Amino acid sequence: MSDPKWYALHLRSNAENNVHRMLVKKGVEAFLPLLQVRSRRIDRRKMLLVPMVPGYLFVRTALDPADYYPVIQTPGVIRIVSFQGRPQPAEE
């Protein structure tokens, strides 16, 4: 088993919070960076938490089959970000 590394997941539009919740429930270490922004509605002002990188989420995994399949089969996950067909870990 190799050392776990951080990988970016490409997600369905607006699925960040749901996917994050499901992955944490499965016991996967997941990171969803959020920003606090002011709502643009005219009738009321409100502070919202929105994803810093819309459509993406980070998971820490070793990418062995026992970890890979629960992550990739989570509803809302499209793929693990890869280059030349190989998943690429993100910088720490």
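Everything quoted here is computed from the prediction, not taken from an experiment. Sequential numbering from 1 along the given sequence is applied to the chain's residues.
Among all heavy-atom pairs drawn from Leu57 and His20, the shortest one is CD1-CD2, 3.8 Å. Considering all non-hydrogen atoms of both residues, Val19 and Pro75 come closest at CG2-O, 3.4 Å. The two residues Met22 and Thr74 come nearest to each other via the heavy atoms CB-CG2, 3.9 Å. Shown here for Pro70 and Pro65, the closest heavy-atom pair between the two residues is CD-O, 4.1 Å. Residues Ser82 and Gly85 come closest through the heavy atom pair CB-C, 4.2 Å. Considering all non-hydrogen atoms of both residues, Ala30 and Val24 come closest at CB-CG2, 4.4 Å.
Remark: Tyr7 OH to Ile72 CD1 distance equals 12.5 Å, nearest 0.5 Å. Of the inter-residue distances, the one linking Asn17 atom CG with Leu49 atom CG reads 8.5 Å to the nearest 0.5 angstrom.
Hydrophobic clustering keeps Leu32 apart from Met52 (ILVMFWY residues linked when any side-chain heavy atoms are closer than 4.5 Å, directly or through intermediates). Neither Val71 nor Trp6 shares a network with the other; the hydrophobic side chains, linked directly or stepwise wherever heavy atoms of I, L, V, M, F, W or Y lie under 4.5 Å apart, form separate groups for each. Linking ILVMFWY residues whenever their side-chain heavy atoms come closer than 4.5 Å, directly or via other members, leaves Val81 and Ile78 in distinct clusters. Leu11 and Tyr56 are not part of a single hydrophobic cluster, where members link through side-chain heavy atoms under 4.5 Å apart. Using a 4.5 Å cut-off between side-chain heavy atoms of Ile, Leu, Val, Met, Phe, Trp and Tyr, with links allowed through other members, Tyr68 and Phe83 fall into different hydrophobic clusters.
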Discussion item. Run Arg38 and Arg45 through side-chain contact (heavy atoms from CB on, under 4.5 Å) and show every step you take.
Written reply: CA-CA 7 Å; Arg38 187 173 300 156; Arg45 298 283 182 202; 4.0 Å; yes
Discussion item. Assess the residue pair Lys5 and Thr61 against the criterion (side chain to side chain donor-acceptor pair (under 3.5 Å)); give the C-alpha distance rounded to whole Å, side-chain angles, the decisive distance to 0.1 Å, and a yes or no.
Written reply: CA-CA 6 Å; Lys5 293 184 170 50; Thr61 181; over 6 Å; no
Item to complete: Start with the C-alpha distance between Phe31 and Val59, add both sets of side-chain angles, then the distance that settles side-chain contact (heavy atoms from CB on, under 4.5 Å), and finish with yes or no.
Response: CA-CA 6 Å; Phe31 175 61; Val59 294; over 6 Å; no
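With contacts defined as side-chain heavy-atom distances shorter than 4.5 Å, the pair Pro54/Glu16 qualifies.
Heavy atoms from other residues, nucleotides or ligands lying under 6.0 Å from CG of Asn18 number more than 12.
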